[in-house]
Amino acid sequence: MITNEQRAHEIAIALMAKKADLNNPIAAYHDYINYLLPILKEFDKDFPMGIKEHLDNSSSDH
């Protein structure tokens, strides 16, 4: 199972990849956090037990 933190991290990295200033790691870190936290909050709201719970429930219905 992929955790909400892992998914949020991957999306945050992808979103900031083109914007990050490699010469300013502190600003890059702040950009990362500004992407990460709202994404993680949304995932936690939508999937409180992680995505696996939804896959398990849908597979038992078939």
Side-chain angles (χ1 to χ4, degrees):
M1 173 172 73
I2 296 175
T3 66
N4 290 346
E5 290 83 3
Q6 289 169 314
R7 288 184 295 155
H9 165 75
E10 291 171 4
I11 291 171
I13 291 294
L15 289 172
M16 68 168 281
K18 293 183 179 182
K19 182 183 179 200
D21 180 2
L22 298 178
N23 294 322
N24 189 347
I26 301 301
Y29 172 74
H30 289 166
D31 289 342
Y32 166 75
I33 294 298
N34 287 330
Y35 281 118
L36 177 72
L37 293 180
I39 294 167
L40 184 55
K41 285 179 185 177
E42 198 66 25
F43 280 159
D44 285 344
K45 182 175 69 174
D46 292 344
F47 307 104
M49 300 300 289
I51 194 74
K52 185 175 184 219
E53 70 173 344
H54 299 282
L55 294 175
D56 287 347
N57 288 338
S58 65
S59 64
S60 64
D61 293 338
H62 295 289

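By convention here, the first residue in the shown sequence is residue 1.
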Rounded to the nearest 0.5 Å, what separation is found between the CD atom of E5 and the CG atom of L36? 9.0 Å
For D44, check side-chain contact (heavy atoms from CB on, under 4.5 Å) against everything at least two apart and list the hits. N4, L40
The side-chain hydrogen bond (donor to acceptor under 3.5 Å, both in side chains) partners of Y35 (sequence neighbours excluded) come to none
The complete set of ring pair (Phe, Tyr, Trp, His ring centres under 6.0 Å) pairs with one or both residues in residues 2-26, sequence neighbours excluded, reads H9-Y32
Of all residues at least two apart in sequence or in a different chain, which pass the ring pair (Phe, Tyr, Trp, His ring centres under 6.0 Å) check with F43? none
Kindly write out the residues that satisfy ring pair (Phe, Tyr, Trp, His ring centres under 6.0 Å) with H30, not counting sequence neighbours, or none if the list is empty. none
Can you give each donor-acceptor pair under 3.5 Å made by side-chain atoms of residues 10-25, sequence neighbours left out, with the distance rounded to 0.1 Å?
from, atom 1, to, atom 2, distance (Å)
D21, OD1, N23, N, 3.0
N24, OD1, A27, N, 3.2

